[in-house]
Amino acid sequence: MSVLIVVECAEGEVKKSSLEVASYGAEVAAMLGTTATAIAVGEVTEANLATLGEQGITKVLHDAEPRLKDFVNNAYTKLIATAAEQEQAKIIILANSNIGAAVGSRLSVRLKASLATNVVELPKLNGDQFVVRRGAFSGKAFSDVVLSGDRKIIAVKKNSTEAKHEAGKTAEVASFSAQLSDADFADAPSQVIMQDQAGGILLPEADRVVSGGRGMKGPENWNLIEDLAKALGAATACSKPVSDVDWRPHHEHVGQTGITVSPNLYIACGISGAIQHLAGVNSSKVIVVINKDPEAPFFKAADYGIVGDVFDVLPKLTAAVKALG
Amino acid sequence: MKFLVCISNVPDTTTKITFTPDNKEFNKAGVQFVINPWDEYALTRAIELKEASGGTVTVLNVGEADTEPNIRKALAIGADDAIRVNAAPKDAFFVAEQIAAVAKEGAYDVILMGKESIDYNGFQVHGMVGEMLGIPTVAPAMKLDLSGSTATLEREIEGGKEIVTVNAPFVASCQQPMCEPRIPNMRGIMTARTKPLKVVEAVGGAPRTQVTEFALPPKKEGVKLIPAETAGDLIKLLRNEAKVI
C-alpha cells in the first residue's frame, strides 16, 4: 500500500503545480506511515524525475510510451489505474488542473474511489473519518468533506500548498508499462496549440498576477499592465467585462465564471471589485488595488491600495520595481 | 442527433454566501437561484447545433421541485423537453449516476454540461458520466462543431488547447467562448409552459462524499493606503513588509 501521486510534466520538466502535489502527497504518505510513489505523465527526462526526491518522493514510475507526451484522457486514465493497482494505492493525489480533473473523475468510477477536487489543505484523520477541506462556491467559501470507501482520490488546488525542496535527495525512477494499445489513444488530439505566454508564465500557476479591468479604457493601454508584469515576473489577467468585449483573451478572465487564482501577489488595476471577480481572487495572499474611485468595493478586500489614476500610477510602479535591481 | 443537456440550479453569481448557524448547510434564505452559468454554454450550443442540422434537445436536472422554474427557463431558451430526477443532488457521483441512467435509457448521442457548477465546483460529473457509459469525455471544451456524428472540439489545457475529434456518443463539459448564451424571449416563455417535463425517481445508492461543515474565508484586516504621488513606496512595502517580491 502506498500513496500514488500523479505528476504532470511538459517540455522535459515537472510542472510547478505537480511539485506542490508531490510535496503534499509525501506529507500524506508520512501521515499514513507509508511511502510516496509518483507516476509521471507528459514529456519529461528521467533525470528531472529523479529530483522528485527533493519533494519526498521515493519512487517514480515512468512509461516511456511516446504518445503519452500529449494529454489523452483514456490513455492517461488507464496508465494511472494500472499503476494504482500495481502499487495497491489507497490514496491517489493529482493536481486540480484540467488534466487532473479529467483523469481523476474517470479514475474515481473505474477504481470505485471517492473523489474530492479543489482541495486546499492536508487531510485530517478524525478516527475513521478522512476529511479534506476544499474550495466551494467559486472561492467564496470552503467545505469540509468526508471521503468514504477504501480508495480515495484528492485533486489539490494550485498554489494552495508549498513545494518543499530537500536538496540532494533523489527518487528511484522505475520503468513501467501499462501496455497501452492503439485503442487507448483513440481520443488523442490531432493538434496541440500552445499560446504565447507573457514571459512564459502560465496564469493558473503564477506566483504574481497583474490584472486589468475596464478602468484601463481599452486594449491599446495594456502595455502598462504588461510592463509591470514583466518587471515583476508576473502573469497578466483581466476582469470579465474586459474579456467579454474581447480586449483580452478568455483564458485571462479571472473570476467566478473564469479561472480562480491564488497567487502570492495579485495587483488589480482599474477593477472595481464585483463580487464575482472577488470570488476568483480572494485566496491570493496579498492583494493590491489601484483605482481612482475611493469607494470601489475592491479596497475592502485589499491589503494595499492606491487611490489614483492607473495611467499615472502604473508607470511609477514599474519604475520602482526596476529600481530594485 | 439527440442532445442531452445537464443543468444545475445554483445561487445567482451576485449572492453573498452565508451558512446556517451550525455551518452545516448553505443558507438559502433570500437567495435567487439561476441556471449554472457554465451550463448556459452547453444549452445554447446544443440549441444552435440542433437548429443547424436537426435533432432534439432534452434538458436534465437532478433536483427537487423547487428547480422547476429554471428548467422552464431552459425550455424557454429553446430546449424541446425536460427530465427532472426527483432528488437532492447529494454529491457528484450520485448526480453522475442519475445522468448516466437517463442517458442510457434515452440513447442520447451528445451529452453536454457546463465545466463545473459555481456552488460545488467539483468539475467531476463529466468524467464520471463518460466512464459509467464507457464513452469519451472532452473537458473543458471551448468549441464544439458537428459533422454527421463526428464532433471536433477544442479542449483547454493549461497554457493552450488541443483539437480533439470524437464520434458520438460522447460527453463534453463546456465553457466560454463556445457561444453567446441566449436569454429567453417572450415567445419562448409562452411555449415553454406546454413543453413536456417528465419527473423520474432517482436510481443508485449512497453518495461517496459528505459535506460536514462549511467555512468562510478569513476577512482582510483592512487596506493600507499609499498616496498616488509616492506610488513607488508600494513596491518597497511589498518587498520589505509583505515579502512577496
Side-chain angles (χ1 to χ4, degrees), chain A residues 71 73 97-98 101-102 105-106 108-110 114-118 135-138 140-149 187 189-195 197 202 204 232 250 256-257 264-265 275-276 282 285-286 288 299 301-308 312-313 316-317 319-321 324, chain B residues 11 13-14 16-17 37-38 92-93 96 118-128 130-132 136-137 139-140 142 155-166 176-177 208-217 220 223-226 228 231-232 234-239 242 244-245:
Chain A
F71 173 53
N73 204 340
S97 60
N98 287 343
S105 53
R106 291 196 84 102
S108 73
V109 172
R110 197 169 301 184
S114 53
L115 168 64
T117 53
N118 215 17
F137 293 98
S138 301
K140 291 177 182 173
F142 299 102
S143 62
D144 288 342
V145 178
V146 175
L147 296 184
S148 60
D187 63 340
S190 56
Q191 207 183 345
V192 179
I193 304 159
M194 300 309 284
Q195 298 135 7
Q197 308 293 328
L202 283 177
L232 282 168
H250 280 281
Q256 195 163 10
T257 52
N264 285 325
L265 175 62
I275 190 168
Q276 297 96 325
N282 67 11
K285 287 187 185 74
V286 172
V288 174
F299 283 114
D303 299 282
Y304 297 98
I306 297 177
V307 179
D312 162 50
V313 170
K316 284 183 184 164
L317 296 182
V321 174
L324 288 175
Chain B
T13 57
T14 59
K16 188 169 182 289
I17 302 297
W38 300 100
F93 183 79
I118 62 164
D119 52 358
Y120 194 79
N121 303 107
F123 193 20
Q124 303 177 359
V125 172
H126 54 90
M128 291 177 171
E131 185 72 17
M132 287 169 183
T137 315
M142 301 190 287
R155 164 167 49 211
E156 185 177 54
I157 52 173
E158 276 76 10
K161 61 189 177 185
E162 290 183 349
I163 313 293
V164 185
T165 304
V166 292
Q176 72 274 41
R208 291 181 177 178
T209 62
Q210 197 197 346
V211 174
T212 52
E213 200 173 325
F214 289 102
L216 293 170
K220 290 282 182 187
V223 60
K224 186 181 259 191
L225 289 175
I226 294 102
L234 169 70
I235 300 302
K236 288 177 202 144
L237 288 167
L238 292 177
R239 168 160 285 190
V244 287
I245 61 173

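A note on names: the letters A, B, ... follow the listed sequences, proteins ahead of strands, and every chain is numbered from 1.
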key: Distance-minimising heavy-atom pair for B/Val244 and A/Asn264   = CG1-O, 3.7 Å
inquiry  = Just so I understand: if I count every heavy-atom pair under 4.5 Å between each of A/Asn98, A/Asp303, A/Leu317, A/Ile275 and chain B, which residue has the most?
reply    = A/Asn98
task = State, to 0.1 Å, how close A/Ser143 and B/Val211 come at their nearest heavy-atom pair, and which atoms those are.
result = CB-CG1, 4.0 Å
task = Starting at OH of A/Tyr304, measure out to NZ of B/Lys220 and round the result to the nearest 0.5 Å.
result = 10.0 Å
query = With sequence neighbours left out, what residues match B/Thr165 under side-chain hydrogen bond (donor to acceptor under 3.5 Å, both in side chains)?
reply = none
message = Any heavy-atom pair between the side chains of B/Ile235 and A/Lys316 that's under 4.5 Å?
response = no
inquiry  = Less than 4.5 Å apart, side chain to side chain, heavy atoms only: is that true for B/Arg208 and A/Leu147?
reply    = no
remark   = What one should report as the nearest heavy-atom pair of B/Gln176 and A/Thr257 is NE2-O, 3.0 Å
inquiry  = Counting heavy-atom pairs closer than 4.5 Å to chain B, which one of A/Gly135, A/Ala301, A/Ser138, A/Ala320 comes out on top?
reply    = A/Ser138
note = Interface check, chain A: of B/Gly232, B/Ala242, B/Ala215, most non-hydrogen pairs under 4.5 Å belong to B/Ala215
remark   = Cut-off 4.5 Å, heavy atoms of chain B, and the answer for A/Asn282 is side chain
note = Rounded to the nearest 0.5 angstrom, the CE-CZ distance for B/Met132 and A/Arg110 is 13.0 Å
query = What pair of heavy atoms forms the shortest contact from B/Met128 to A/Ser105, and how long is it?
reply = CG-O, 3.5 Å
message = With rounding to the nearest 0.5 angstrom, report the CG to CD1 distance, A/Leu202 to B/Ile157.
response = 10.0 Å
ask   = Between B/Lys224 and chain A, which part of the residue has a heavy atom less than 4.5 Å away: side chain, backbone, both or neither?
value = both
message = Please enumerate all residues that pass side-chain hydrogen bond (donor to acceptor under 3.5 Å, both in side chains) together with B/Thr137, with sequence neighbours excluded.
response = A/Arg106
message = Tell me which of these, B/Pro37, B/Pro217, B/Ala139, has more heavy-atom pairs under 4.5 Å with chain A than the rest.
response = B/Pro217
query = In terms of heavy-atom proximity below 4.5 Å to chain A, should B/Leu237 be classed as side chain, backbone, both, or neither?
reply = both
remark   = Note: vs chain A, highest number of non-hydrogen pairs under 4.5 angstrom among B/Ile226, B/Val164, B/Asn121 is B/Asn121
task = Could you pull out the closest heavy-atom pair between A/Ala141 and B/Leu216, with the gap in Å?
result = CB-CD2, 4.2 Å
query = Given a strict heavy-atom distance threshold of 4.5 Å, which part of A/Ala116 is in contact with chain B: side chain, backbone, both, or neither?
reply = backbone
Pick from A/Ser114, A/Ala101, A/Gly305 with the largest number of heavy-atom pairs that fall under 4.5 Å of chain B = A/Gly305
ask   = Heavy atoms, side chains only, cut-off 4.5 Å: are B/Thr209 and A/Leu115 in contact?
value = no
query = Between A/Ser190, A/Pro204, A/Gly308, A/Gly149, which residue shows the highest count of heavy-atom pairs closer than 4.5 Å to chain B?
reply = A/Ser190
ask   = So what's closer than 4.5 Å to chain B heavy atoms on A/Leu232: side chain, backbone, both or neither?
value = side chain
key: Closest non-hydrogen atom pair, B/Ala228 against A/Ile306   = CA-CG2, 3.8 Å
inquiry  = Please report the interatomic distance CZ(B/Arg155) to CG(A/Asp187), rounded to the nearest 0.5 Å.
reply    = 6.5 Å
inquiry  = Is the shortest side-chain heavy-atom distance between B/Phe123 and A/Asn118 below 4.5 Å?
reply    = no
Structural part of B/Leu234 lying under 4.5 Å from a heavy atom of chain A = side chain
